[in-house]
Amino acid sequence: TEELGIPIFRSPTVFQCNGKHLYVGHGDGLGPGDRRYKVIKKVFSNPVCQWLFQWLHPNVGMAIANKWSGSSRKSSDRTEASFKGDDEWLIQYIRSIEAQHHHDHYIFGHRHLPIDERIDDTHYVNLGDWLKHQRFATFDGSDLHLERYEG
């Protein structure tokens with residue numbers, strides 16, 4: 001935030017644009033599943049763990065991070081290859097939020113699979129993994145569109 005002047009939102013945030021409610025978040029750790037990720041997220045955000053990690057030599061820290069990232073990516077490639085419909089954790093999360101307050105559009109990432117679904121009277125877009133899918137969302141003031149970068 002200090003370096004680039006860009007705000008960081010650590011939890012889902014609602015934006016109002018042209019009278020529409022856009023619920024935007026990374027998508028990690030939301031919904032009933034993803035337990036392993038929720039535990040790891042707590043470890044990574046724990047100040048004591050962060051303090052301990054800083055005492056590792058950078059070569060060791062980077063080796064651990066690269067190993068973790070590679071195994072996580074392989075695992076997500078296997079488990080996130082197909083759309084699971086109502087069994088999607090984020091769809092279940094959206095339904096629980098909608099029971100409390102209506103939002104016109106939900107925009108997430110984390111799932112690594114591009115998804116563009118209507119759920120009752122709301123709209124769910126998951127951007128997917130940029131490296132593999134090159135997707136982004138546009139909002140025309142009324143509707144949200146999942147686009148593919150063709151540059």
Side-chain angles (χ1 to χ4, degrees), residues 1-18 20-51 53-54 61-62 64-141 143-149 151:
T1 298
E2 291 98 31
E3 293 167 347
L4 300 176
I6 300 170
I8 295 174
F9 300 97
R10 301 208 182 272
S11 58
T13 304
V14 176
F15 297 93
Q16 257 193 316
C17 186
N18 207 28
K20 301 287 185 177
H21 291 93
L22 288 82
Y23 191 99
V24 182
H26 180 244
D28 57 333
L30 302 177
D34 219 359
R35 284 186 180 90
R36 185 175 145 202
Y37 185 84
K38 289 175 184 175
V39 170
I40 293 301
K41 187 176 176 181
K42 285 184 181 181
V43 170
F44 287 167
S45 62
N46 181 292
V48 174
C49 293
Q50 291 174 351
W51 182 83
F53 188 79
Q54 80 178 357
M62 288 304 296
I64 292 170
N66 287 332
K67 175 84 172 152
W68 177 265
S69 177
S71 65
S72 175
R73 194 170 293 115
K74 286 178 188 172
S75 173
S76 71
D77 283 349
R78 285 191 304 273
T79 60
E80 298 189 6
S82 63
F83 179 65
K84 297 173 179 67
D86 284 340
D87 290 335
E88 292 275 342
W89 297 332
L90 286 172
I91 287 181
Q92 293 173 30
Y93 176 76
I94 289 167
R95 289 188 190 281
S96 71
I97 296 297
E98 281 294 297
Q100 299 168 28
H101 188 272
H102 173 67
H103 299 86
D104 299 288
H105 305 283
Y106 289 81
I107 306 166
F108 295 118
H110 186 66
R111 179 65 172 82
H112 295 209
L113 181 71
I115 299 171
D116 188 350
E117 284 289 313
R118 296 285 174 180
I119 303 168
D120 301 324
D121 62 343
T122 193
H123 185 200
Y124 163 44
V125 166
N126 196 295
L127 303 175
D129 177 353
W130 179 261
L131 296 175
K132 188 183 287 185
H133 302 287
Q134 297 88 43
R135 300 297 174 101
F136 63 96
T138 60
F139 181 67
D140 64 13
D143 207 7
L144 187 69
H145 305 278
L146 185 60
E147 310 277 350
R148 181 182 182 100
Y149 177 72

Trainee: Output side-chain donor-acceptor pairs under 3.5 Å for residues 2-16, partner residues at least two apart or in another chain, one line each.
Mentor:
from : atom 1 : to  : atom 2 : distance (Å)
T13  : OG1    : S11 : O      : 3.1
Q16  : NE2    : H21 : NE2    : 3.1

Trainee: Who are the side chain to side chain donor-acceptor pair (under 3.5 Å) partners of T138, not counting sequence neighbours?
Mentor: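 Once residues adjacent in sequence are excluded, the partners of T138 under the side chain to side chain donor-acceptor pair (under 3.5 Å) criterion are E147.
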Trainee: With a 4.5 Å heavy-atom cut-off, do H110 and L30 have their side chains touching?
Mentor: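 The answer is no; the side chains never approach within 4.5 Å.
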Trainee: Quick one: are R95 and D86 in side-chain contact, heavy atoms under 4.5 Å?
Mentor: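 R95 vs D86: side chains touch.
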Trainee: If the condition is side-chain contact (heavy atoms from CB on, under 4.5 Å), which residues does H133 pass it with, not counting sequence neighbours?
Mentor: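 With sequence neighbours excluded, H133 shows a side-chain contact (heavy atoms from CB on, under 4.5 Å) to P114, D129, R135, given in chain and number order.
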Trainee: Does the side chain of I91 reach to within under 4.5 Å of the side chain of F83, using non-hydrogen atoms?
Mentor: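 A side-chain contact under 4.5 Å exists here.
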Trainee: Around R148, counting heavy atoms of other residues, nucleotides and ligands shown, do more than 12 lie under 6.0 Å from its CZ?
Mentor: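 Above 12, so yes.
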Trainee: Between P32 and W89, is there a side-chain heavy-atom distance shorter than 4.5 Å?
Mentor: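 They are in side-chain contact.
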Trainee: Under 4.5 Å between any side-chain heavy atoms of I97 and H103, yes or no?
Mentor: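 Contact flag for I97/H103 side chains = yes.
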Trainee: Rounded to the nearest 0.5 Å, how far apart are CG of L90 and OH of Y124?
Mentor: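 Reported to 0.5 Å precision, the distance equals 4.5 Å.
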Trainee: Who pairs with Q50 by side-chain contact (heavy atoms from CB on, under 4.5 Å), at least two apart in sequence or on another chain?
Mentor: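 Listed in chain order: nothing, the list is empty.
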Trainee: I'd like to know if the side chain of D116 pairs up with that of H123 as donor and acceptor (distance under 3.5 Å, no hydrogens or angles considered).
Mentor: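 Checked: D116/H123 side chains pair up, N/O donor to acceptor below 3.5 Å.
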Trainee: D87: which residues meet the side-chain contact (heavy atoms from CB on, under 4.5 Å) condition with it, sequence neighbours left out?
Mentor: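 Only K84 meet the side-chain contact (heavy atoms from CB on, under 4.5 Å) criterion with D87.
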Trainee: Sequence neighbours left out, what passes side-chain contact (heavy atoms from CB on, under 4.5 Å) with D140? Give chain and number order.
Mentor: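 By the side-chain contact (heavy atoms from CB on, under 4.5 Å) rule, D140 matches S142, D143, H145.
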Trainee: Looking at Y106 versus Y23, is the centre-to-centre ring distance below 6.0 Å?
Mentor: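 Y106 vs Y23: aromatic centres under 6.0 Å.
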Trainee: Y149 versus W130: any side-chain heavy-atom pair under 4.5 Å?
Mentor: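 Answer yes - side chains close enough.
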Trainee: Once you round to the nearest 0.5 Å, how far does CG of N18 lie from CG of D104?
Mentor: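 The CG atom of N18 sits 10.5 Å away from the CG atom of D104.
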